[in-house]
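Atoms considered below: every heavy atom in the structure, side chains included; atoms not considered: hydrogens, waters and symmetry mates. Whatever order the structure lists them in is the order used to number ligands and atoms, beginning at 1.
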Amino acid sequence: MATPAPIERTRVAIVGGGPAGLLLSHLLHTSGIDHVVLESRSRDEIYRTTRAGILEASSVSTLADAGMDRVLREGDRHDGIALRFDGESHRIDLHGLTGSAVWLYPQTEVFTDLADRAAETGTDVRWQASVTEVLDIHTDSPGVRWTDAEGGSGGTERELRCDVLVGTDGSHSTCRHSLPEDVRRHFVHEYPYAWFGVIVEAPRSAPELVYTTSEHGFALISQRTDTHQRLYFQCDPDEDPAGWSDDRVWHELQRRVAGTDGFRLLEGPVQERSVLRFRSSVVEPVRHGRMLLAGDAAHTVPPTGAKGLNLALADVVVLHDVLTTWFARRERDEALLDEYGRRVSERVWRAQHFSAWMSRMLHTHPGESGFEHRRRIAELRTLVASEAGRRYLAEGYTGWGSVLPGRTTEGAM
Ligand code: DHB
(Lines give C-alpha, C1' and ligand atoms only; values in the text may rest on other atoms or scores of the structure.)
Protein backbone atom coordinates (compact mmCIF):
# COMPACT_ATOMS: atom_id res chain seq x y z
CA MET A 1 0.00 0.00 0.00
CA ALA A 2 1.29 3.48 -0.87
CA THR A 3 2.19 5.64 2.14
CA PRO A 4 0.02 8.77 2.32
CA ALA A 5 1.89 11.96 1.37
CA PRO A 6 2.77 14.10 4.42
CA ILE A 7 0.59 17.13 5.14
CA GLU A 8 2.34 20.30 4.04
CA ARG A 9 1.95 23.69 5.71
CA THR A 10 2.20 27.25 4.49
CA ARG A 11 0.80 30.61 5.55
CA VAL A 12 -1.26 31.41 2.46
CA ALA A 13 -2.57 28.76 0.05
CA ILE A 14 -3.58 30.35 -3.25
CA VAL A 15 -5.92 28.25 -5.37
CA GLY A 16 -5.60 29.41 -8.99
CA GLY A 17 -2.47 30.54 -10.85
CA GLY A 18 -3.96 32.94 -13.37
CA PRO A 19 -2.96 36.62 -13.29
CA ALA A 20 -4.75 37.30 -9.96
CA GLY A 21 -3.18 34.34 -8.14
CA LEU A 22 0.28 34.99 -9.56
CA LEU A 23 0.18 38.71 -8.77
CA LEU A 24 -0.87 37.96 -5.20
CA SER A 25 1.95 35.43 -5.01
CA HIS A 26 4.47 37.99 -6.23
CA LEU A 27 3.28 40.62 -3.75
CA LEU A 28 3.38 38.11 -0.86
CA HIS A 29 6.87 37.09 -1.95
CA THR A 30 8.07 40.71 -1.75
CA SER A 31 6.53 40.93 1.75
CA GLY A 32 8.24 37.69 2.82
CA ILE A 33 4.95 35.84 3.46
CA ASP A 34 5.31 32.13 2.82
CA HIS A 35 2.72 30.75 0.38
CA VAL A 36 1.98 28.09 -2.25
CA VAL A 37 0.05 28.47 -5.52
CA LEU A 38 -1.92 25.50 -6.87
CA GLU A 39 -3.10 25.73 -10.49
CA SER A 40 -5.06 22.97 -12.22
CA ARG A 41 -3.89 23.78 -15.75
CA SER A 42 -0.41 23.73 -17.24
CA ARG A 43 1.38 27.01 -17.87
CA ASP A 44 1.14 26.39 -21.61
CA GLU A 45 -2.60 25.75 -21.52
CA ILE A 46 -3.21 29.08 -19.80
CA TYR A 47 -0.91 30.86 -22.22
CA ARG A 48 -2.81 29.49 -25.21
CA THR A 49 -6.19 30.82 -23.98
CA THR A 50 -7.00 34.05 -25.83
CA ARG A 51 -8.25 36.70 -23.44
CA ALA A 52 -8.93 40.45 -23.40
CA GLY A 53 -6.30 43.02 -24.19
CA ILE A 54 -6.90 46.29 -22.36
CA LEU A 55 -5.15 47.40 -19.15
CA GLU A 56 -6.11 50.46 -17.14
CA ALA A 57 -3.31 52.81 -16.08
CA SER A 58 -3.56 51.57 -12.48
CA SER A 59 -3.04 47.96 -13.65
CA VAL A 60 -0.01 49.07 -15.65
CA SER A 61 1.48 50.85 -12.66
CA THR A 62 0.79 47.82 -10.43
CA LEU A 63 2.79 45.64 -12.83
CA ALA A 64 5.54 48.21 -13.44
CA ASP A 65 5.96 48.93 -9.71
CA ALA A 66 6.31 45.18 -9.13
CA GLY A 67 9.22 45.18 -11.61
CA MET A 68 7.28 43.89 -14.61
CA ASP A 69 7.69 46.84 -16.94
CA ARG A 70 7.65 45.04 -20.31
CA VAL A 71 4.14 46.47 -20.68
CA LEU A 72 5.66 49.97 -20.85
CA ARG A 73 8.07 48.94 -23.62
CA GLU A 74 5.92 46.55 -25.62
CA GLY A 75 2.34 47.57 -24.79
CA ASP A 76 0.59 50.19 -26.92
CA ARG A 77 -0.72 53.19 -25.03
CA HIS A 78 -4.13 54.26 -26.30
CA ASP A 79 -5.22 57.81 -25.56
CA GLY A 80 -8.63 57.45 -27.15
CA ILE A 81 -11.31 55.12 -28.50
CA ALA A 82 -13.95 55.61 -31.17
CA LEU A 83 -17.68 55.11 -30.70
CA ARG A 84 -19.30 54.44 -34.06
CA PHE A 85 -23.04 54.58 -34.74
CA ASP A 86 -25.25 55.65 -37.66
CA GLY A 87 -22.20 54.92 -39.81
CA GLU A 88 -19.96 57.63 -38.29
CA SER A 89 -17.12 57.51 -35.76
CA HIS A 90 -16.85 59.81 -32.74
CA ARG A 91 -13.54 59.95 -30.87
CA ILE A 92 -13.50 59.85 -27.07
CA ASP A 93 -10.28 61.58 -26.03
CA LEU A 94 -9.55 59.49 -22.93
CA HIS A 95 -6.34 61.31 -22.09
CA GLY A 96 -7.64 64.80 -22.78
CA LEU A 97 -10.72 64.15 -20.64
CA THR A 98 -9.14 62.32 -17.69
CA GLY A 99 -5.34 62.76 -17.91
CA SER A 100 -5.20 58.96 -18.04
CA ALA A 101 -5.02 56.32 -20.77
CA VAL A 102 -5.24 52.55 -21.30
CA TRP A 103 -2.68 50.06 -22.63
CA LEU A 104 -3.27 47.40 -25.22
CA TYR A 105 -1.37 44.49 -23.69
CA PRO A 106 -3.08 41.09 -23.87
CA GLN A 107 -3.78 39.13 -20.71
CA THR A 108 -1.55 36.30 -21.98
CA GLU A 109 1.41 38.70 -21.84
CA VAL A 110 0.50 39.75 -18.28
CA PHE A 111 0.36 36.06 -17.40
CA THR A 112 3.76 35.41 -19.04
CA ASP A 113 5.39 38.29 -17.15
CA LEU A 114 4.00 37.01 -13.84
CA ALA A 115 4.83 33.34 -14.51
CA ASP A 116 8.40 34.27 -15.59
CA ARG A 117 8.81 36.35 -12.45
CA ALA A 118 7.56 33.48 -10.27
CA ALA A 119 10.10 31.16 -11.93
CA GLU A 120 12.93 33.71 -11.40
CA THR A 121 12.13 34.22 -7.73
CA GLY A 122 11.66 30.50 -7.15
CA THR A 123 8.13 30.95 -5.84
CA ASP A 124 6.27 27.74 -5.07
CA VAL A 125 3.83 27.55 -8.00
CA ARG A 126 2.54 24.06 -8.76
CA TRP A 127 1.06 23.63 -12.22
CA GLN A 128 -1.43 20.84 -13.01
CA ALA A 129 -2.32 20.68 -9.35
CA SER A 130 -6.07 20.11 -9.08
CA VAL A 131 -7.87 20.97 -5.86
CA THR A 132 -10.45 18.29 -5.09
CA GLU A 133 -11.70 19.53 -1.73
CA VAL A 134 -11.61 22.66 0.40
CA LEU A 135 -11.08 21.85 4.08
CA ASP A 136 -12.07 23.46 7.38
CA ILE A 137 -12.43 27.12 6.43
CA HIS A 138 -14.04 27.76 9.82
CA THR A 139 -10.93 26.74 11.70
CA ASP A 140 -7.55 28.43 12.10
CA SER A 141 -6.00 25.75 9.91
CA PRO A 142 -7.97 25.59 6.67
CA GLY A 143 -6.58 23.77 3.67
CA VAL A 144 -7.16 21.84 0.49
CA ARG A 145 -6.80 18.33 -0.85
CA TRP A 146 -5.24 18.29 -4.26
CA THR A 147 -3.83 15.87 -6.80
CA ASP A 148 -0.57 16.36 -8.64
CA ALA A 149 0.32 16.36 -12.35
CA GLU A 150 -0.78 12.80 -13.03
CA GLY A 151 -4.36 13.98 -12.35
CA GLY A 152 -7.45 11.81 -11.93
CA SER A 153 -7.10 8.37 -10.43
CA GLY A 154 -3.38 8.13 -11.28
CA GLY A 155 -2.43 11.27 -9.31
CA THR A 156 -1.24 11.27 -5.74
CA GLU A 157 -3.65 12.92 -3.34
CA ARG A 158 -2.00 15.45 -1.05
CA GLU A 159 -3.02 17.88 1.63
CA LEU A 160 -1.92 21.46 2.14
CA ARG A 161 -2.80 23.36 5.32
CA CYS A 162 -2.47 27.11 5.79
CA ASP A 163 -3.47 30.12 7.90
CA VAL A 164 -5.44 31.74 5.09
CA LEU A 165 -6.89 30.23 1.92
CA VAL A 166 -7.34 32.47 -1.13
CA GLY A 167 -9.52 31.45 -4.08
CA THR A 168 -8.37 33.03 -7.33
CA ASP A 169 -9.64 30.04 -9.26
CA GLY A 170 -11.79 31.77 -11.85
CA SER A 171 -15.46 31.86 -12.68
CA HIS A 172 -15.98 28.11 -12.05
CA SER A 173 -14.26 28.46 -8.66
CA THR A 174 -14.09 25.40 -6.43
CA CYS A 175 -13.42 27.72 -3.49
CA ARG A 176 -16.58 29.76 -4.09
CA HIS A 177 -18.62 26.57 -4.00
CA SER A 178 -17.40 25.85 -0.50
CA LEU A 179 -19.13 29.01 0.81
CA PRO A 180 -22.11 27.64 2.77
CA GLU A 181 -25.46 28.21 1.03
CA ASP A 182 -26.90 30.05 4.02
CA VAL A 183 -24.26 32.81 3.92
CA ARG A 184 -23.73 33.04 0.16
CA ARG A 185 -25.48 35.72 -1.86
CA HIS A 186 -25.00 35.50 -5.60
CA PHE A 187 -26.11 38.43 -7.74
CA VAL A 188 -26.34 37.35 -11.37
CA HIS A 189 -27.47 38.96 -14.59
CA GLU A 190 -27.56 37.07 -17.90
CA TYR A 191 -27.55 38.67 -21.35
CA PRO A 192 -29.34 37.39 -24.47
CA TYR A 193 -26.21 37.90 -26.63
CA ALA A 194 -22.55 36.89 -26.76
CA TRP A 195 -19.43 37.85 -28.71
CA PHE A 196 -18.01 36.01 -31.67
CA GLY A 197 -14.28 36.66 -31.27
CA VAL A 198 -11.70 36.17 -34.02
CA ILE A 199 -7.98 36.66 -34.47
CA VAL A 200 -7.26 37.68 -38.05
CA GLU A 201 -4.04 38.00 -39.96
CA ALA A 202 -4.38 41.56 -41.28
CA PRO A 203 -2.99 45.04 -40.63
CA ARG A 204 -4.77 47.48 -38.29
CA SER A 205 -7.86 49.05 -39.82
CA ALA A 206 -7.95 52.07 -37.47
CA PRO A 207 -5.41 53.72 -35.14
CA GLU A 208 -7.57 53.20 -32.03
CA LEU A 209 -10.22 50.70 -30.90
CA VAL A 210 -13.64 51.12 -32.50
CA TYR A 211 -16.82 50.17 -30.59
CA THR A 212 -19.63 50.15 -33.09
CA THR A 213 -23.36 49.55 -33.10
CA SER A 214 -25.54 49.23 -36.19
CA GLU A 215 -28.88 47.77 -37.17
CA HIS A 216 -26.98 44.47 -37.59
CA GLY A 217 -25.63 44.59 -34.02
CA PHE A 218 -22.44 45.40 -32.14
CA ALA A 219 -18.82 44.97 -33.29
CA LEU A 220 -15.48 45.82 -31.66
CA ILE A 221 -12.38 46.41 -33.73
CA SER A 222 -9.45 45.80 -31.42
CA GLN A 223 -5.81 45.13 -32.19
CA ARG A 224 -2.90 42.86 -31.36
CA THR A 225 0.20 43.45 -33.53
CA ASP A 226 1.15 44.97 -36.90
CA THR A 227 0.11 41.71 -38.55
CA HIS A 228 -2.70 40.31 -36.35
CA GLN A 229 -5.89 41.87 -35.03
CA ARG A 230 -8.59 40.94 -32.53
CA LEU A 231 -12.17 41.54 -33.69
CA TYR A 232 -15.51 40.73 -32.10
CA PHE A 233 -19.12 40.89 -33.17
CA GLN A 234 -22.35 40.30 -31.32
CA CYS A 235 -23.90 36.87 -31.85
CA ASP A 236 -26.36 34.42 -30.33
CA PRO A 237 -24.94 32.75 -27.15
CA ASP A 238 -25.50 29.32 -28.78
CA GLU A 239 -23.74 30.19 -32.03
CA ASP A 240 -21.36 27.49 -33.28
CA PRO A 241 -18.16 29.25 -34.40
CA ALA A 242 -17.05 26.23 -36.43
CA GLY A 243 -19.90 26.84 -38.88
CA TRP A 244 -18.49 30.20 -40.02
CA SER A 245 -16.34 30.55 -43.16
CA ASP A 246 -13.86 33.43 -43.41
CA ASP A 247 -16.10 35.12 -46.00
CA ARG A 248 -19.09 34.98 -43.71
CA VAL A 249 -17.08 36.46 -40.79
CA TRP A 250 -15.86 39.34 -42.93
CA HIS A 251 -19.28 39.99 -44.44
CA GLU A 252 -20.77 40.23 -40.94
CA LEU A 253 -18.01 42.53 -39.66
CA GLN A 254 -18.01 44.80 -42.73
CA ARG A 255 -21.75 45.39 -42.65
CA ARG A 256 -21.61 46.34 -38.97
CA VAL A 257 -18.93 49.02 -39.50
CA ALA A 258 -20.19 50.27 -42.89
CA GLY A 259 -21.01 53.99 -43.11
CA THR A 260 -21.21 57.11 -45.20
CA ASP A 261 -17.52 57.78 -44.53
CA GLY A 262 -16.60 54.63 -46.48
CA PHE A 263 -14.76 53.01 -43.53
CA ARG A 264 -13.81 49.38 -44.29
CA LEU A 265 -11.84 46.75 -42.44
CA LEU A 266 -8.63 45.40 -43.94
CA GLU A 267 -9.24 41.70 -44.45
CA GLY A 268 -7.10 38.58 -44.10
CA PRO A 269 -7.30 34.93 -43.02
CA VAL A 270 -9.31 34.19 -39.85
CA GLN A 271 -7.03 32.20 -37.53
CA GLU A 272 -9.11 31.64 -34.42
CA ARG A 273 -12.83 31.76 -33.69
CA SER A 274 -14.64 31.39 -30.39
CA VAL A 275 -17.85 32.47 -28.69
CA LEU A 276 -17.60 34.45 -25.42
CA ARG A 277 -20.67 34.33 -23.24
CA PHE A 278 -21.81 37.34 -21.24
CA ARG A 279 -22.55 37.25 -17.54
CA SER A 280 -22.53 39.76 -14.74
CA SER A 281 -22.10 38.18 -11.32
CA VAL A 282 -21.02 39.15 -7.83
CA VAL A 283 -20.73 36.83 -4.85
CA GLU A 284 -20.90 38.10 -1.29
CA PRO A 285 -19.30 37.81 1.18
CA VAL A 286 -15.78 37.55 -0.24
CA ARG A 287 -14.50 36.42 3.16
CA HIS A 288 -15.86 33.51 5.11
CA GLY A 289 -13.88 32.00 7.96
CA ARG A 290 -10.29 31.89 6.76
CA MET A 291 -11.16 31.83 3.05
CA LEU A 292 -11.10 34.87 0.74
CA LEU A 293 -12.13 35.14 -2.91
CA ALA A 294 -10.64 37.43 -5.55
CA GLY A 295 -10.94 38.07 -9.31
CA ASP A 296 -13.36 36.00 -11.40
CA ALA A 297 -13.97 33.65 -8.45
CA ALA A 298 -15.71 36.60 -6.75
CA HIS A 299 -17.22 38.45 -9.71
CA THR A 300 -17.46 38.39 -13.49
CA VAL A 301 -18.35 41.16 -15.91
CA PRO A 302 -19.42 41.06 -19.57
CA PRO A 303 -16.41 41.79 -21.80
CA THR A 304 -17.51 45.22 -23.08
CA GLY A 305 -14.95 47.68 -21.70
CA ALA A 306 -12.50 44.90 -20.67
CA LYS A 307 -12.85 45.37 -16.93
CA GLY A 308 -12.39 41.71 -15.82
CA LEU A 309 -8.60 41.47 -15.57
CA ASN A 310 -8.29 45.02 -14.23
CA LEU A 311 -10.74 44.27 -11.42
CA ALA A 312 -8.90 41.05 -10.57
CA LEU A 313 -5.54 42.86 -10.30
CA ALA A 314 -7.14 45.64 -8.21
CA ASP A 315 -8.62 43.02 -5.85
CA VAL A 316 -5.30 41.39 -5.10
CA VAL A 317 -3.47 44.67 -4.55
CA VAL A 318 -5.97 45.42 -1.78
CA LEU A 319 -5.95 41.82 -0.54
CA HIS A 320 -2.16 41.88 -0.21
CA ASP A 321 -2.38 45.13 1.75
CA VAL A 322 -4.95 43.59 4.12
CA LEU A 323 -3.03 40.32 4.52
CA THR A 324 0.28 42.01 5.36
CA THR A 325 -1.48 43.99 8.12
CA TRP A 326 -3.27 40.86 9.33
CA PHE A 327 -0.08 38.77 9.51
CA ALA A 328 1.80 41.62 11.23
CA ARG A 329 -0.69 41.61 14.14
CA ARG A 330 -0.44 39.14 16.94
CA GLU A 331 -4.14 38.42 17.32
CA ARG A 332 -5.86 36.51 14.51
CA ASP A 333 -9.17 38.36 14.32
CA GLU A 334 -11.02 37.11 11.26
CA ALA A 335 -13.24 40.19 11.18
CA LEU A 336 -10.10 42.19 10.28
CA LEU A 337 -10.04 40.27 7.01
CA ASP A 338 -13.42 41.84 6.17
CA GLU A 339 -11.54 45.04 5.49
CA TYR A 340 -10.75 43.45 2.10
CA GLY A 341 -14.41 43.09 1.06
CA ARG A 342 -15.23 46.57 2.33
CA ARG A 343 -12.42 48.12 0.33
CA VAL A 344 -13.00 46.35 -3.01
CA SER A 345 -16.78 46.37 -3.12
CA GLU A 346 -17.24 49.90 -4.44
CA ARG A 347 -14.90 49.38 -7.40
CA VAL A 348 -16.46 46.00 -8.15
CA TRP A 349 -19.98 47.44 -8.33
CA ARG A 350 -18.88 50.49 -10.33
CA ALA A 351 -17.28 48.15 -12.84
CA GLN A 352 -20.44 46.04 -12.86
CA HIS A 353 -22.46 49.09 -13.69
CA PHE A 354 -20.01 50.35 -16.30
CA SER A 355 -19.78 47.00 -18.11
CA ALA A 356 -23.56 46.47 -18.09
CA TRP A 357 -24.18 50.07 -19.24
CA MET A 358 -21.67 49.88 -22.13
CA SER A 359 -23.09 46.50 -23.13
CA ARG A 360 -26.73 47.65 -23.17
CA MET A 361 -25.96 50.90 -24.95
CA LEU A 362 -24.05 49.19 -27.75
CA HIS A 363 -25.79 45.84 -28.34
CA THR A 364 -29.01 45.08 -30.16
CA HIS A 365 -31.40 43.24 -27.87
CA PRO A 366 -32.93 40.31 -29.83
CA GLY A 367 -36.38 41.46 -30.94
CA GLU A 368 -35.49 45.07 -30.09
CA SER A 369 -38.21 47.52 -31.09
CA GLY A 370 -37.63 50.42 -33.46
CA PHE A 371 -38.22 52.70 -30.48
CA GLU A 372 -35.48 51.05 -28.41
CA HIS A 373 -32.99 51.14 -31.29
CA ARG A 374 -33.58 54.85 -31.84
CA ARG A 375 -33.46 55.51 -28.09
CA ARG A 376 -30.01 53.85 -27.88
CA ILE A 377 -28.73 55.92 -30.79
CA ALA A 378 -30.09 59.05 -29.05
CA GLU A 379 -28.24 58.01 -25.87
CA LEU A 380 -24.99 57.67 -27.82
CA ARG A 381 -25.58 60.98 -29.60
CA THR A 382 -26.26 62.77 -26.30
CA LEU A 383 -23.15 61.19 -24.80
CA VAL A 384 -20.73 62.18 -27.57
CA ALA A 385 -22.22 65.68 -27.90
CA SER A 386 -21.62 66.45 -24.23
CA GLU A 387 -18.18 66.93 -22.72
CA ALA A 388 -19.62 65.71 -19.40
CA GLY A 389 -20.94 62.61 -21.17
CA ARG A 390 -17.63 61.88 -22.86
CA ARG A 391 -15.80 62.38 -19.57
CA TYR A 392 -18.19 60.03 -17.74
CA LEU A 393 -17.39 57.32 -20.28
CA ALA A 394 -13.65 58.10 -20.23
CA GLU A 395 -13.46 57.97 -16.42
CA GLY A 396 -15.08 54.55 -16.39
CA TYR A 397 -13.07 53.21 -19.30
CA THR A 398 -9.74 54.28 -17.79
CA GLY A 399 -10.80 52.91 -14.40
CA TRP A 400 -11.40 55.79 -11.96
CA GLY A 401 -7.76 56.26 -10.90
CA SER A 402 -5.56 54.46 -8.42
CA VAL A 403 -6.47 51.39 -6.37
CA LEU A 404 -4.70 52.24 -3.11
CA PRO A 405 -5.42 55.61 -1.48
CA GLY A 406 -2.75 58.26 -1.96
CA ARG A 407 -1.38 56.70 -5.14
CA THR A 408 -1.53 58.36 -8.54
CA THR A 409 -1.19 56.40 -11.75
CA GLU A 410 0.44 59.18 -13.75
CA GLY A 411 4.08 60.17 -13.58
CA ALA A 412 6.44 57.80 -15.36
CA MET A 413 3.77 56.80 -17.86
C1 DHB B 1 -10.51 43.78 -26.05
C2 DHB B 1 -11.53 43.17 -25.34
C3 DHB B 1 -12.52 43.92 -24.79
O4 DHB B 1 -13.51 43.33 -24.10
C5 DHB B 1 -12.55 45.30 -24.93
O6 DHB B 1 -13.56 46.01 -24.40
C7 DHB B 1 -11.52 45.91 -25.62
C8 DHB B 1 -10.51 45.15 -26.18
C9 DHB B 1 -9.43 42.95 -26.67
O10 DHB B 1 -9.45 41.73 -26.48
O11 DHB B 1 -8.58 43.51 -27.35
Side-chain angles (χ1 to χ4, degrees), residues 18-19 47-57 59-60 71 74-84 89 91-92 94 100-112 171 191 193-213 217-235 241 253 256-257 265 270-280 295-296 299-313 350-363 393-399:
Y47 182 73
R48 281 189 281 104
T49 315
T50 305
R51 301 294 295 265
I54 290 289
L55 291 182
E56 295 167 359
S59 299
V60 171
V71 53
E74 296 181 25
D76 279 337
R77 178 176 141 162
H78 282 239
D79 285 347
I81 56 168
L83 287 184
R84 186 170 171 84
S89 289
R91 183 167 191 264
I92 307 290
L94 301 173
S100 194
V102 295
W103 269 255
L104 196 116
Y105 191 68
Q107 178 165 333
T108 45
E109 302 306 321
V110 174
F111 171 74
T112 298
S171 56
Y191 297 77
Y193 38 77
W195 278 4
F196 195 117
V198 292
I199 298 269
V200 300
E201 190 182 341
R204 289 182 186 86
S205 294
E208 294 174 340
L209 269 59
V210 182
Y211 289 81
T212 188
T213 189
F218 170 85
L220 167 58
I221 312 309
S222 184
Q223 312 174 351
R224 283 299 179 264
T225 63
D226 289 342
T227 57
H228 289 79
Q229 313 310 326
R230 181 73 166 142
L231 312 177
Y232 303 94
F233 58 92
Q234 174 185 351
C235 69
L253 282 162
R256 291 185 193 205
V257 300
L265 300 170
V270 178
Q271 296 190 333
E272 245 186 80
R273 342 162 133 61
S274 58
V275 169
L276 289 75
R277 284 174 167 261
F278 273 46
R279 193 165 203 246
S280 300
D296 283 2
H299 40 70
T300 59
V301 287
T304 327
K307 285 276 167 267
L309 173 60
N310 293 291
L311 265 191
L313 299 180
R350 278 185 183 216
Q352 289 292 349
H353 165 64
F354 181 78
S355 309
W357 171 68
M358 280 271 278
S359 298
R360 286 179 189 147
M361 185 167 64
L362 290 164
H363 290 74
L393 178 95
E395 285 171 352
Y397 197 85
T398 55

*asked:* Using a plain distance cutoff, I'd like to know if G53 has any nitrogen or oxygen under 3.5 Å from a nitrogen or oxygen of ligand 1.
replied: yes
*Anything under 30° is parallel, anything over 60° is perpendicular, the rest tilted; go ahead and classify H353 against W357.*
parallel
*Interfacing atoms of ligand 1 (cut-off 4.0 Å, heavy-atom, I54)*: 7 (C), 8 (C)
*Side-chain contact, heavy-atom cut-off 4.5 Å: L309 with R51?*
no
_Below 4.0 Å from ligand 1: does a non-hydrogen atom of M358 turn up there or not?_
no
_Show me which atoms of ligand 1 lie under 4.0 Å from any heavy atom of A52._
2 (C), 10 (O)
*asked:* For a quick test of reading the model, state the closest non-hydrogen atom pair linking R224 to I199 and the distance between them.
replied: CG-CD1, 4.4 Å
_If I apply the N/O under 3.5 Å rule, does R224 come out as touching ligand 1?_
yes
*No-hydrogen, no-angle side-chain donor-acceptor test under 3.5 Å, E272 and T50*: yes
*What protein heavy atom sits nearest atom 4 (O) of ligand 1, and how far away is it?*
P303 O, 2.6 Å
*Show which atoms of ligand 1 fall inside a sub-4.0 Å distance from at least one heavy-atom site of L209.*
7 (C), 8 (C)
*What atoms in ligand 1 come closer than 4.0 Å to a heavy atom of L220?*
3 (C), 5 (C), 6 (O), 7 (C), 8 (C)
*Could you tell me whether W195 approaches ligand 1 through its side chain, its backbone, both or neither, with non-hydrogen atoms closer than 4.0 Å?*
side chain
_If the cut-off is 4.0 Å to any non-hydrogen atom of G305, which atoms of ligand 1 fall inside it?_
6 (O)
*Decide if the gap between the ring center of Y193 and the ring center of F278 is smaller than 6.0 angstrom.*
yes
*asked:* Do R273 and V198 make a side-chain contact, defined as non-hydrogen atoms from C-beta onward lying under 4.5 Å apart?
replied: yes
*Taking C-beta and beyond as the side chain, do H228 and Q271 meet within less than 4.5 Å on heavy atoms?*
yes
*May I ask you to check if ligand 1 and A306 share an N or O to N or O distance below 3.5 Å?*
yes
*Tell me: protein heavy atom nearest atom 11 (O) of ligand 1, and distance?*
S222 OG, 2.6 Å
*Report the member of Y232, Y211, Y397 with the shortest heavy-atom distance to atom 5 (C) of ligand 1.*
Y211
*Can the ring centroids of Y191 and H363 be said to lie less than 6.0 angstrom from one another?*
no
*Search all heavy atoms of L362 against all heavy atoms of F218 and return the closest pair with its distance.*
O-CB, 3.4 Å
